[in-house]
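Data block below; observations after.
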2 protein chains.
Amino acid sequence: MITKNLEDYLEAIYNSIRTRGHAGTNEIARDLQVKPPSVTEMFRKLNERGWVNYKKYEGVTLTREGKRIAKNVSDVHSKVRKFLELIQVSSEQADEDACQVEHHLSQESIGQLSKFIEFIENCPEEQARWIEHFHYFSRHEELPAECRAAADKGLRD
Amino acid sequence: MITKNLEDYLEAIYNSIRTRGHAGTNEIARDLQVKPPSVTEMFRKLNERGWVNYKKYEGVTLTREGKRIAKNVSDVHSKVRKFLELIQVSSEQADEDACQVEHHLSQESIGQLSKFIEFIENCPEEQARWIEHFHYFSRHEELPAECRAAADKGLRD
DNA sequence: TGGCAAAGTTAGGTTGACCTAACTTCATTA
DNA sequence: TAATGAAGTTAGGTCAACCTAACTTTGCCA
């Protein structure tokens with residue numbers, strides 16, 4: 001069974017290779033905010049389980065299966081981050097929280113979150129104004145005039 | 001420093017007391033899907049840290065501070081669950097995922113999520129139709145006719 | 001080309017959370 | 001009131017993930 005931690009390491013390796021071209025012990029240690037010996041140990045575990053190719057002093061590369069897992073985690077990560085940014089969480093915090101949350105959502109929730117984001121992105125401009133209304137609401141702690149008028153109307157009816 | 005696990009125990013104790021009137025070792029063990037000795041051990045830790053009053057063979061009650069923590073966690077839990085239900089995750093799964101996610105959100109994200117839910121709930125009927133549109137989209141994998149018409153119009157303009 | 005700094009590893013230890021097996025306490029009822 | 005089963009605890013262990021201190025390897029350049 002894979003643990004959330006191992007998933008984190010796979011994701012970090014995946015990102016490191018994409019952005020730096022390689023994944024070294026110290027780099028991953030910095031990324032995950034742990035000390036190098038912890039990384040060496042995890043590299044060995046990932047190697048035993050067949051998710052990375054690890055040669056001492058040469059860093060790691062992902063196996064096909066390791067890459068598949070890393071990509072899945074990374075996809076969930078970006079969906080969660082996107083959602084948090086949509087509801088106006090700062091991008092640094094959104095990224096940080098996504099990193100924590102990514103391991104804890106069921107397939108069902110991930111699916112619905114994807115649909116939700118897709119919906120917002122494909123909604124025609126006119127229909128999607130609600131998200132701007134939310135942004136206003138988020139900043140000012142009250143509904144924008146346009147909405148309040150509608151709400152008042154609703155009350156009168 | 002409090003750990004996510006201790007938070008989980010506090011929440012479980014809080015819920016047990018609310019629904020059953022007391023929190024016994026075996027009950028909490030069942031709730032958290034662990035064995036009774038694990039619970040006894042955690043009860044002692046929570047007691048040492050001043051979050052519960054623990055007397056051997058008599059179960060636990062929450063201290064003022066313990067209750068505060070439990071209530072916070074529980075509030076986040078219900079917000080996350082509410083959101084997941086809004087995006088059409090089944091209530092059982094929403095509850096289960098909320099339980100996992102509740103410990104991993106920053107104050108900022110929790111704040112924005114609250115606002116988001118509040119926004120949806122206070123949005124006047126007319127403005128809030130988008131959520132129904134999303135529900136349609138979620139079931140049928142395409143925008144409702146009403147939205148598509150608007151989107152097509154948008155393209156022509 | 002040899003020595004040195006940076007990168008990486010090994011050894012040994014800690015901590016949190018969990019377990020099983022065996023024990024004790026409690027509460028009930030014959 | 002004594003015995004019995006349920007509830008709870010203790011003892012002793014495992015495992016994942018982390019650490020520090022000390023060591024080895026590598027790559028570079030004087």
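So that the names make sense, note that chain A is the first sequence line, chain B the second, and so on, each numbered from 1. Predicted model only: the values in this text are computed from it and were never measured.
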Exercise. Going from CG on N5(A) to CG on L10(A), what distance comes out if it is rounded to the nearest 0.5 angstrom?
Worked result: 10.5 Å
Problem set entry | First of K55(B) and Q33(A) reached from the 5' end of DNA chain D, by closest nucleotide | K55(B)
Exercise. Taking OP1 and OP2 of dG16(C), is either one under 4.0 Å from a side-chain nitrogen or oxygen of N5(B)?
Worked result: no
For this session: Between E58(B) and M42(B), name the one whose nearest nucleotide on DNA chain C is closer to the 5' end.
Result: M42(B)
Donor-acceptor pairs under 3.5 Å, side chain of residues 77-84 of chain A to any protein atom, not counting sequence neighbours: which ones?
| unit_1 | atom_1 | unit_2 | atom_2 | d |
| --- | --- | --- | --- | --- |
| H77(A) | ND1 | E102(A) | OE1 | 2.7 |
| H77(A) | NE2 | D95(A) | OD1 | 2.9 |
| S78(A) | OG | S74(A) | O | 3.3 |
| S78(A) | OG | D75(A) | O | 3.1 |
| K79(A) | NZ | S114(A) | OG | 3.3 |

Exercise. For the hydrophobic clusters of this structure (ILVMFWY residues joined by side-chain heavy atoms under 4.5 Å, transitively), does one cluster hold both I69(A) and Y9(A)?
Worked result: yes
Problem set entry | Span of DNA chain D in contact with chain B (heavy atoms, under 4.0 Å) | dA7(D) to dT10(D)
Problem set entry | Integer-rounded Å distance: dC18(C) P and K45(B) NZ | 9 Å
Exercise. Out of E108(B), K115(B), Q112(B), which residue meets the side-chain contact (heavy atoms from CB on, under 4.5 Å) rule with Q88(A)?
Worked result: Q112(B)
Problem set entry | Spacing between D31(A) atom CG and dA7(C) atom P, to the nearest angstrom | 14 Å
Problem set entry | Residues that T40(B) engages under side chain to side chain contact (heavy atoms under 4.5 Å, CB included), provided they are two or more places apart | T25(B), Y54(B)
Exercise. When the distance from CZ of R44(B) to P of dC18(C) is rounded to whole Å, what number comes out?
Worked result: 14 Å
Exercise. If you measure from CD1 on I117(B) to CG on N122(B), what distance do you get to the nearest 0.5 Å?
Worked result: 11.5 Å
